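Just below is one structure, and these are the notes that go with it.
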Amino acid sequence: MSTRPLRADARRNRDRLLEVAVRAFSTDGADVPLETIARTAGVGIGTLYRHFPTREALVEAAYRNELDRLCAWAPRLLRTHEPVAALRAWMDRFVDYMTTKRGMADALRMVIASGGDPYAHSRDLLVTALTPLLEAGVRAGTLRDDVPVLDVLTGLSGVTLAAGEPDRRDQAGRLLDLLMDGLQNRR
């Protein structure tokens, strides 16, 4: 694929395809027809294949796009919220991301079976996003300084394992509140 930047219309088409693909793979499964994704995105199947030559390429790009979107929220939230509120808001987005990832599980397994590794850099990207959120809270004196970032990420993953289904969102929120309570500096 070319390294030249996409034209604005091509970028919009690609973004729309990724948005529709995430929803389709999450709700309809790995075998949703690519023609359906293209039609729902308002483009032709040729446009889909120009951007994503295989189903696996589309699945992997959709997953990575969701991960990138989640990670991009961290600095935005720090600019607009106090550190504790920014961290809690990012945690909500993490649960949403993991719920989507769970919905895409079959499609992601298909990518792995074909030799791809959609998770190759996931942990590093998540740690890179989460670290400044925690550090800002430590600097502000509102978060503990003795909790490793990987422990927080593991706790977040545990919340989504226990209550990551969409119909358990209230419980996930309560578990996130408990996690936040444990992270706050009470000295």
Side-chain angles (χ1 to χ4, degrees), residues 1-6 10-41 43-74 90-131 133 148-169 171-172 175-176 179:
M1 187 170 247
S2 174
T3 58
R4 290 182 311 184
L6 293 175
R11 187 174 47 255
R12 276 191 305 275
N13 288 342
R14 184 179 190 283
D15 291 346
R16 180 75 179 133
L17 282 164
L18 291 173
E19 176 187 325
V20 169
V22 166
R23 194 170 49 249
F25 291 131
S26 296
T27 59
D28 300 329
D31 295 326
V32 63
L34 296 182
E35 292 80 6
T36 301
I37 292 172
R39 185 174 45 257
T40 304
V43 300
I45 191 67
T47 298
L48 184 146
Y49 281 119
R50 247 188 318 282
H51 291 287
F52 311 104
T54 65
R55 176 179 298 273
E56 292 80 9
L58 177 59
V59 170
E60 190 163 356
Y63 167 74
R64 289 184 192 277
N65 189 60
E66 290 300 295
L67 178 63
D68 290 344
R69 288 173 55 168
L70 169 66
C71 292
W73 271 105
W90 191 83
M91 287 179 169
D92 280 326
R93 285 173 171 76
F94 180 88
V95 170
D96 293 341
Y97 156 77
M98 290 297 285
T99 300
T100 299
K101 181 178 151 187
R102 182 177 285 179
M104 290 182 64
D106 289 339
L108 290 166
R109 278 192 284 277
M110 180 182 62
V111 171
I112 293 166
S114 72
D117 186 2
Y119 307 121
H121 303 288
S122 299
R123 188 176 88 165
D124 292 341
L125 291 172
L126 290 167
V127 166
T128 299
L130 184 55
T131 298
L133 291 163
V149 66
L150 286 176
D151 288 358
V152 177
L153 191 56
T154 300
L156 285 168
S157 297
V159 167
T160 62
L161 284 174
E165 296 294 329
D167 63 340
R168 298 182 72 188
R169 196 61 172 89
Q171 182 184 28
L175 292 171
L176 291 177
L179 181 57

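Fair warning: this is a prediction, and the values are worked out from it, not measured in the lab.
Atoms CG and CD1, on Asp28 and Ile37 in that order, are 8.5 Å from each other to the nearest 0.5 Å. Taking CG of Leu126 as the start and OG1 of Thr131 as the end, the distance is 10.0 Å to the nearest 0.5 Å. How far CE of Met110 is from CZ of Phe25: 6.0 Å, rounded to the nearest 0.5 Å. Interatomic distance, Arg14 CZ to Arg11 CZ, rounded to the nearest 0.5 Å: 11.0 Å. The OG1 atom of Thr99 sits 6.5 Å away from atom CZ of Arg169, with the distance rounded to the nearest 0.5 Å. The structure places CD of Glu19 at 9.0 Å from CD of Glu66, a figure rounded to the nearest 0.5 Å.
Among residues two or more places apart in sequence or in another chain, the ring pair (Phe, Tyr, Trp, His ring centres under 6.0 Å) test is passed with Tyr119 by Tyr63. Evaluation of the ring pair (Phe, Tyr, Trp, His ring centres under 6.0 Å) rule for Trp90 yields Phe94 as partners, not counting sequence neighbours.
Contact annotation: the side chain of Asp117 never approaches that of Val111 to less than 4.5 Å [non-hydrogen atoms, C-beta and beyond]. Side-chain contact between Phe52 and Glu60: absent, with no pair of heavy atoms (C-beta onward) separated by less than 4.5 Å. Looking at Leu67 and Lys101, their side chains never come closer than 4.5 Å, going by heavy atoms from C-beta outward. Proximity of Val22 to Leu18: side-chain heavy atoms (C-beta onward) are nowhere separated by under 4.5 Å. Residues Asp68 and Leu125 have side chains in contact (heavy-atom distance under 4.5 Å, counting atoms from C-beta outward). Looking only at side-chain heavy atoms (C-beta outward), Arg23 and Val20 come within less than 4.5 Å of each other.
Counting all heavy atoms, side chain and backbone alike, Ser114 lies closest to Glu56 at OG-CG, 3.4 Å. Between Ala24 and Val32 the shortest heavy-atom distance is CB-CG1, 4.0 Å. Closest approach of Ala163 to Ala172, counting heavy atoms only: O-CB, 3.4 Å. Counting all heavy atoms, side chain and backbone alike, Gln171 lies closest to Ala162 at OE1-O, 4.1 Å.
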*asked:* One pair to check against side chain to side chain contact (heavy atoms under 4.5 Å, CB included): Arg16 and Val43. What are the steps and the verdict?
replied: CA-CA 9 Å; Arg16 180 75 179 133; Val43 300; over 6 Å; no
*Intermediate values then yes/no, side chain to side chain contact (heavy atoms under 4.5 Å, CB included), Val152 and Met91*: CA-CA 10 Å; Val152 177; Met91 287 179 169; 4.2 Å; yes
*Output, in order, the C-alpha distance, side-chain angles, deciding distance and verdict of side chain to side chain contact (heavy atoms under 4.5 Å, CB included) for Leu156 and Leu176.*
CA-CA 8 Å; Leu156 285 168; Leu176 291 177; 3.6 Å; yes
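Atom CG of Asp124 has more than 12 heavy atoms from other residues, nucleotides or ligands within 6.0 Å. Heavy atoms of other residues, nucleotides or ligands lying less than 6.0 angstrom from CZ of Arg69 number 12 at most.
Of the possible donor and acceptor atoms, none in the side chain of Arg93 sits under 3.5 Å from a partner among the backbone N and O of Ala74. A donor-acceptor contact shorter than 3.5 Å links the side chain of Arg102 to the backbone of Thr160. Between the Arg55 side chain and the Ala107 main chain, no donor and acceptor come within less than 3.5 Å of each other.
Asp15 has no carboxylate O lying under 4.0 Å from a charged side-chain N of Arg12, or vice versa, which leaves the two without a salt bridge.
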